[in-house]
Amino acid sequence: MTIMMDRDRLFSSMAENRAREVVAHIGFLRNLRQLYEGGATQKRLAEVNGVSQPAISQMLQRARVEAPDVRPGTHGGTAYEVAARCAAGEIDPATMRAELIGWEYDKPMAPTAYPDVDDVRPQTEGGFNHQVGRALTHGFLTDEDYDLILDALAD
């Protein structure tokens, strides 16, 4: 017999579990990258994980961007990870807000003389919009948290 939670609790639980999944994947990529940087071969990593060596190569490419080492004094290697850890219930919202307000974001690329080109240029990987904006889009931040962080950074 299955006992169903109420609908609101199911949505809340689903969101928290999604955040845990994201945090676990970042941790996996970080471990993979650190093992490789420590001398493990891609072939060995592929054997241990039951995947091909080209799959490990692709994972390592993503790991360099998505899973840097945790920054000292924070709970993540990226601002996105900090927000995901809060959504997963690992850190409290006040800690998350403080860390995202104190985060040093990459500066956006300078505009070119061609406005149409600027519209299609990729966002700076470590920039506020890519990190915190993506966390908002993925449901790891509330609109209120986003506004509070944005306002604090504007001051």
Side-chain angles (χ1 to χ4, degrees), residues 2 4-5 7 9-93 95-112 116-143 145-146 149-150 153:
T2 303
M4 291 287 291
M5 291 187 269
R7 192 173 185 83
R9 180 64 189 130
L10 282 171
F11 273 107
S12 176
S13 178
M14 182 178 66
E16 191 172 295
N17 287 331
R18 181 175 182 283
R20 284 188 188 128
E21 184 178 43
V22 167
V23 168
H25 185 67
I26 291 169
F28 167 77
L29 289 176
R30 182 175 291 125
N31 293 157
L32 188 74
R33 180 185 52 76
Q34 289 173 340
L35 284 165
Y36 180 70
E37 290 171 356
T41 65
Q42 289 187 18
K43 181 180 176 190
R44 176 68 179 133
L45 293 169
E47 290 169 359
V48 169
N49 287 287
V51 298
S52 67
Q53 178 277 321
I56 291 294
S57 179
Q58 289 175 344
M59 288 179 206
L60 287 168
Q61 287 176 354
R62 283 196 320 273
R64 287 182 191 97
V65 173
E66 298 173 20
D69 292 336
V70 174
R71 287 189 183 184
T74 72
H75 289 87
T78 64
Y80 177 80
E81 181 182 358
V82 171
R85 288 190 182 282
C86 180
E90 292 185 13
I91 61 174
D92 63 86
T95 299
M96 182 254 326
R97 287 189 296 270
E99 289 185 15
L100 295 183
I101 289 168
W103 201 268
E104 289 191 33
Y105 298 96
D106 292 347
K107 302 287 183 224
M109 290 195 259
T112 67
D116 291 341
V117 172
D118 291 337
D119 289 343
V120 295
R121 289 171 67 187
Q123 294 179 359
T124 305
E125 195 69 43
F128 180 84
N129 288 338
H130 185 72
Q131 294 292 318
V132 180
R134 188 167 52 123
L136 176 67
T137 301
H138 290 175
F140 299 156
L141 286 174
T142 64
D143 290 338
D145 283 333
Y146 181 85
I149 294 163
L150 191 59
L153 291 172

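Heads up: numbering here begins at 1 and tracks the sequence. This one's a predicted model, so the numbers in the text were calculated from it and none came from an experiment.
Contact annotation: the side chain of Thr78 never approaches that of Glu66 to less than 4.5 Å [non-hydrogen atoms, C-beta and beyond].
Under the rule for a ring-ring contact (aromatic ring centres under 6.0 Å, His included), the partners of Tyr80 that lie at least two apart in sequence or sit in another chain are His138, Phe140.
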- Message: Apply side chain to side chain contact (heavy atoms under 4.5 Å, CB included) to residues Val51 and Met59 and explain how you reach the verdict.
- Response: CA-CA 11 Å; Val51 298; Met59 288 179 206; 4.2 Å; yes

- Item | Leu141/Leu100 under side chain to side chain contact (heavy atoms under 4.5 Å, CB included): CA gap, chis, key distance, verdict | CA-CA 11 Å; Leu141 286 174; Leu100 295 183; 4.2 Å; yes

- Task: Apply the test side chain to side chain contact (heavy atoms under 4.5 Å, CB included) to residues Thr41 and Tyr36: give CA-CA distance (whole Å), side-chain angles for both, the deciding distance (0.1 Å), then the verdict.
- Result: CA-CA 6 Å; Thr41 65; Tyr36 180 70; over 6 Å; no

- Task: May I have the step-by-step check of side chain to side chain contact (heavy atoms under 4.5 Å, CB included) for Asp92 and Thr95, ending in yes or no?
- Result: CA-CA 5 Å; Asp92 63 86; Thr95 299; 2.9 Å; yes

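The side chain to side chain donor-acceptor pair (under 3.5 Å) contacts involving residues 46-65 comprise Gln42-Gln53, where partners must be two or more places apart or lie in separate chains.
No hydrogens or angles considered: nothing links the side chains of Gln131 and Asp106 as a donor-acceptor pair under 3.5 Å. A donor atom on one side chain and an acceptor atom on the other are not found under 3.5 Å apart for His75 and Glu90.
A perpendicular orientation is assigned to the rings of Tyr105 and Phe128, their planes being inclined by more than 60° (bins at 30° and 60°).
Between the Ser13 side chain and the Arg9 main chain, no donor and acceptor come within less than 3.5 Å of each other.
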Please tabulate, for the side chains in residues 18-32, all donor-acceptor contacts under 3.5 angstrom to protein atoms that are two or more places apart in sequence or on a different chain.
from, atom 1, to, atom 2, distance (Å)
Arg20, NH1, Asn17, OD1, 2.9
Arg20, NH2, Glu16, OE2, 2.4
Arg30, NE, Pro68, O, 2.8
Arg30, NH1, Glu81, OE2, 3.1
Arg30, NH2, Pro68, O, 2.8
Arg30, NH2, Glu81, OE1, 2.5
Arg30, NH2, Glu81, OE2, 3.4

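Counting all heavy atoms, side chain and backbone alike, Arg33 lies closest to Leu60 at CA-CD2, 3.7 Å.
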